[in-house]
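Take a look at the structure below.
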Amino acid sequence: MIRNFKILGESVLKNDAYNSMSELEKIKSYLFYQSIVPNQKDPAEFAIAINFDTKKKQFRFELDKEIRRDNRLYFFAFSVGAPRDKKKFLATNAMEPLYSIVFSDAIDYLKKIRSDKKSKKRIDKIIDPVYDALLETMQQTYYIEQEKGFILNKELMAPDQKEEFNQIEQELLEKQKNSTPIPIIEVYKKFIEKKFPQITIAMIKIDGKHILDFDQYRDAYIQLVYYDLFERFFIKDVIIKNHSCHLCNSKTECTGKISFPMNFFGTTNSLFFGDLDNKKKLLDSFSICRDCLQEVKTGMKYIANSLNEYLLGIPCYLIPEFDEAESDFEKKYSLIFKLLKTDKKGYQHEIDEINLLIKKSDKKSFAFCLLFYDSPPGKQDFTVLKLISHLEYRQLKESLKFFDHYNSLYSLYQFDNNIHVTINTIRNLLFQSQKKSDAKTYRKDLLDLFSDFVYGKSISYHMCIKRFINKFKHTFLDSKRNVNKLSAFQLIIILSVFNSIKPLTGVKKMSMTNGNVLTTVYDERFIKFFETHKEIYENEFHRQGLFLLGTLINTIISEQLKKRIKNEDSNTSAKGLSSTFMKKLNFNGISPRRVQRLVAEVKNYSQIYNIYEPKGIWGNIMDRLQGIEQSSLNGEEIVFYILTGISFSNYLAMTHATKKQGEKIDGNN
């Protein structure tokens with residue numbers, strides 16, 4: 001996978017005409033892709049600056065430019081490092097280092113690297129001592145030393161803010177029971193929290209200007225950032241001259257001391273990323289040259305910033321699989337996320353967009369990886385949950401077209417409440433929201449199923465039924481949640497999508513001594529439904545009989561709800577299902593031996609409510625359910641096929657209502 005990052009990084013830099021730049025321009029270009037991407041929000045957010053006025057000898061916290069992508073180069077901000085790292089970035093994603101240790105840490109950092117013979121030689125060439133002098137001046141003028149490091153001298157705060165600051169300090173003193181002084185850093189935290197609750201980017205300004213606006217300091221600051229994020233790996237004693245790079249195979253200056261922002265290579269690449277030691281020459285070590293390291297880290301950052309989305313509710317990186325560097329690749333890959341997450345227009349719209357881009361390029365298809373991960377906020381942890389590698393776009397789009405086929409067949413896009421079937425529907429129907437302790441298993445099972453789907457593998461019919469009934473049962477028993485009355489119908493569509501890609505496993509055909517039935521179903525809509533989903537219903541008379549029984553149960557439920565909600569809002573019809581005939585269905589499973597008893601109860605309720613019975617329906621049911629006591633259907637399947645009849649009847653009712661409403665609108669027009 002690391003080769004994918006390398007070629008992606010090469011493509012990104014190539015698009016900027018990287019090779020034709022001066023050395024300093026190359027450094028700035030590389031650092032640009034390592035910098036924080038300021039994502040615009042609504043309502044707008046702004047960067048927060050500490051502005052030092054060198055004439056008045058005071059400072060002020062103030063709003064700076066709006067957080068927008070087109071301000072990325074202006075901010076030139078970098079994420080704070082690990083807790084023990086020295087803080088030296090003057091534009092970053094945290095405020096605390098800026099009002100405490102940023103200048104003292106930067107001074108210590110420069111002193112340390114200037115004290116080393118190898119690094120001093122390099123640092124003296126690229127960082128003018130005038131920058132060290134600036135740091136010393138800012139530190140001595142505006143900061144005071146305390147027990148644990150340094151802190152901004154509150155006495156130099158702008159008068160209006162100082163008054164507010166003192167008031168907050170007094171409030172904190174009054175809240176505590178003793179007279180112990182409040183640590184000044186805690187007052188700053190409270191002050192910032194109250195005045196600027198949202199901080200995405202924080203920065204240092206001097207006399208209203210960013211450090212990059214000063215000719216005498218700009219280049220030195222850029223070189224310092226570059227040294228910290230890149231150059232230092234080629235300065236210290238881990239450097240190996242005339243060594244083979246594991247990526248490009250060239251014999252050149254290499255390093256084995258690698259710091260990558262995504263620590264998962266041991267699980268996703270055959271190369272073990274141990275430190276390269278010139279003395280030990282470990283067989284499991286990994287070496288990389290200067291050019292390759294720049295490209296790899298650029299590729300990684302690009303993915304983290306531009307190809308990072310939540311998919312199925314789980315954070316995911318999309319990693320392009322390049323054969324060689326490409327230009328104009330960004331839109332093609334970003335559309336893949338849009339394609340996989342689509343929930344409104346169907347998949348064809350995005351497919352057409354991607355196809356148009358492919359048509360303009362030389363390649364007819366392309367491949368990529370989906371890496372699902374867990375990285376808790378504020379922690380250095382990075383756990384790979386699932387890697388789906390070498391996923392071909394051509395194969396994926398053909399699989400997604402089956403969703404569009406069934407959504408169009410049943411005109412599901414005509415409804416306002418988004419009942420059409422997508423990848424997200426699979427998650428919603430089959431996976432119960434889990435407690436935090438069960439999240440690991442939940443995500444693994446979900447991603448395993450998604451992986452089987454996108455790879456075109458055969459999926460277990462029984463697993464889908466079992467998961468569906470379990471999810472439906474929990475939803476039905478939870479009085480606070482609405483029941484999706486079309487869910488079983490939607491699952492039949494999903495099973496047909498799976499089967500269209502590759503036949504389902506475990507769909508056992510029924511065995512009856514009498515292989516035929518004597519009665520004919522008169523409702524053409526039911527006949528068409530059985531034919532459309534023939535992998536489930538063709539010659540499966542027990543399943544057909546249970547489906548037809550479900551259609552009658554739905555009619556009973558409708559009559560019961562009409563009587564209950566005459567003076568109640570429409571939402572009650574969904575939440576009140578537990579008070580209808582539905583409560584007679586055992587969602588833990590109905591034994592084949594108990595089906596005839598259920599049939600008798602349905603018949604009894606049909607007479608009580610005097611429901612409309614379609615022509616020949618009882619004959620169809622009794623004919624098709626004969627011998628079910630000896631069938632191989634399990635209890636969950638029996639419940640499911642009853643629910644499909646209930647669900648499909650609800651779909652027909654919604655279709656009728658939508659059509660009737662449309663006719664009324666047309667009549668008015």
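Note that the structure is a prediction, hence the values are computed from the model and not measured. All heavy atoms count here, side chains included; hydrogens, waters and symmetry mates do not.
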Classify the ring geometry of Tyr605 against Tyr609: parallel below 30°, tilted from 30° to 60°, perpendicular beyond 60°. parallel
Pairs of donor and acceptor atoms involving the side chains of residues 645-654, under 3.5 Å and at least two apart or interchain, shall be tabulated with distances.
from, atom 1, to, atom 2, distance (Å)
Ser647, OG, Lys485, O, 3.1
Ser647, OG, Leu486, O, 3.1
Ser647, OG, Phe489, N, 2.9
Ser649, OG, Gly645, O, 2.9
Asn650, ND2, Asn554, OD1, 3.1
Asn650, ND2, Ile646, O, 3.0
Tyr651, OH, Tyr410, O, 2.8

Going by salt bridge (charged side-chain N to carboxylate O under 4.0 Å, His left out), name the pairs with one or both residues in residues 629-641, residues two or more places apart or in two chains. Lys466-Glu636
For Gln40 and Arg68, which I'm curious about, is there any donor-acceptor pair between the side chains at under 3.5 Å? no
Geometric cation-pi criterion, Lys386 with Phe372: 6.0 Å, 45°: no
ring-ring contact (aromatic ring centres under 6.0 Å, His included) involving Phe366 - partner list, sequence neighbours excluded: Tyr333, Tyr393
Salt-bridge present (Glu398, Lys401; N to O < 4.0 Å): yes
Take Leu546 and Val595 through the side chain to side chain contact (heavy atoms under 4.5 Å, CB included) test and state the conclusion after the steps. CA-CA 9 Å; Leu546 293 168; Val595 171; 4.1 Å; yes
Between Thr200 and Glu45, does any side-chain donor sit less than 3.5 Å from a side-chain acceptor? yes
Will you find, in the side chains of Thr658 and Gln414, an N or O donor that is under 3.5 Å from an N or O acceptor? no
For side chain to side chain contact (heavy atoms under 4.5 Å, CB included), just list the numbers for Asn610 and Glu559, CA-CA rounded to whole Å, side-chain angles, deciding distance to a tenth of an Å, and then say yes or no. CA-CA 9 Å; Asn610 193 27; Glu559 290 299 319; over 6 Å; no
Residues Glu613 and Ile617: closest non-hydrogen pair is CB-CG2, 4.0 Å
Between Ser399 and Tyr455, do the side chains contain a donor N or O and an acceptor N or O under 3.5 Å apart? no
Heavy-atom side-chain contact between Ile556 and Val602 under 4.5 Å: yes
With sequence neighbours excluded, tell me which residues meet side chain to side chain donor-acceptor pair (under 3.5 Å) with Asn407. Tyr413
Output the distance between atom CD1 (Ile319) and atom CG (Leu387), rounded to the nearest 0.5 Å. 6.5 Å
Can you tell if the side chain of Ile494 reaches within under 4.5 Å of the side chain of Val421, non-hydrogen atoms only? yes
So with a 6.0 Å cut-off around NZ of Lys502, is the heavy-atom count from everything else above 12? no
I need the minimum non-hydrogen distance between Leu552 and Pro614, along with the two atoms involved. CD2-CD, 4.1 Å
Is it true that the side chains of Glu330 and Ser306 contain a donor and an acceptor less than 3.5 Å apart? no
Please report the C-alpha distance between Thr425 and Gln490 in whole Å, then the side-chain angles of each, then the deciding distance to 0.1 Å, and finally whether the side-chain hydrogen bond (donor to acceptor under 3.5 Å, both in side chains) criterion is met. CA-CA 8 Å; Thr425 314; Gln490 291 174 316; 5.3 Å; no
Any idea which heavy atoms bring Glu321 and Ser389 closest together, and the distance? OE2-C, 3.9 Å
Is the shortest heavy-atom distance from the side chain of Gln596 to the side chain of Ile628 under 4.5 Å? yes
Distance check, rounded to the nearest 0.5 Å: Ile192 atom CD1 versus Lys190 atom NZ? 13.0 Å
Give the intermediate values and the outcome of ring-ring contact (aromatic ring centres under 6.0 Å, His included) for residues Phe472 and Phe640. CA-CA 10 Å; Phe472 190 92; Phe640 172 67; 9.8 Å; no
Begin with the C-alpha distance, continue with both residues' side-chain angles, and end with the deciding distance and a verdict on ring-ring contact (aromatic ring centres under 6.0 Å, His included) for Phe498 and Tyr461. CA-CA 9 Å; Phe498 289 163; Tyr461 153 85; over 10 Å; no
Atom of Leu391, atom of Val454 and distance for their closest heavy-atom approach: CD1-O, 3.5 Å
For the atom pair NZ (Lys528) and CG (Leu409), what is the distance rounded to the nearest 0.5 Å? 5.5 Å
Measure the shortest side-chain to side-chain distance between Ser500 and Tyr406 over non-hydrogen atoms and say whether it is less than 4.5 angstrom. yes
Using a strict threshold of under 4.0 Å (side-chain N to carboxylate O), is an ion pair present between Glu540 and Lys534? no
Check whether the side chains of Gln607 and Asn604 place a donor and an acceptor atom closer than 3.5 Å, and report yes or no. no
Are a donor atom and an acceptor atom from the side chains of Tyr347 and Asp352 found within less than 3.5 Å of each other? no
Do Ile493 and His533 come close enough that some side-chain heavy atom pair is under 4.5 Å? yes
Rounded to the nearest 0.5 Å, what separation is found between the OH atom of Tyr302 and the CG atom of Asn308? 12.5 Å
For Thr644 and Arg543, test the side chains for any donor-to-acceptor distance below 3.5 angstrom and give the result as yes or no. no
Roughly how far, to the nearest 0.5 Å, is CD1 of Ile426 from CZ of Phe431? 9.0 Å
Assess the residue pair Arg467 and Asp445 against the criterion (side chain to side chain contact (heavy atoms under 4.5 Å, CB included)); give the C-alpha distance rounded to whole Å, side-chain angles, the decisive distance to 0.1 Å, and a yes or no. CA-CA 11 Å; Arg467 284 194 172 279; Asp445 292 346; 2.7 Å; yes
Counting only pairs under 3.5 Å, give me each side-chain donor-acceptor contact of residues 584-591, with atom names and distances, residues two or more places apart or in other chains.
from, atom 1, to, atom 2, distance (Å)
Lys584, NZ, Glu601, OE1, 3.3
Asn586, OD1, Asn588, N, 3.0
Asn588, OD1, Lys473, NZ, 2.9
Ser591, OG, Arg593, N, 3.2

Nearest heavy-atom approach of Leu430 to Cys464 is CD2-O, 3.4 Å
Do we see a donor-acceptor contact under 3.5 Å between the side chains of Thr383 and Asp374? no
Please say which of Lys397, Lys332, Lys338 ends up in a salt bridge (charged side-chain N to carboxylate O under 4.0 Å, His left out) with Glu353. Lys338
My understanding is that only residues two or more places apart in sequence, or in another chain, count here; which of them pass ring-ring contact (aromatic ring centres under 6.0 Å, His included) with Tyr310? none
Rounded to the nearest 0.5 Å, what separates atom NE2 in His420 from atom CG in Leu412? 8.5 Å
Verdict with supporting geometry, Ile492 and Phe529, side chain to side chain contact (heavy atoms under 4.5 Å, CB included): CA-CA 10 Å; Ile492 286 292; Phe529 181 77; 3.9 Å; yes
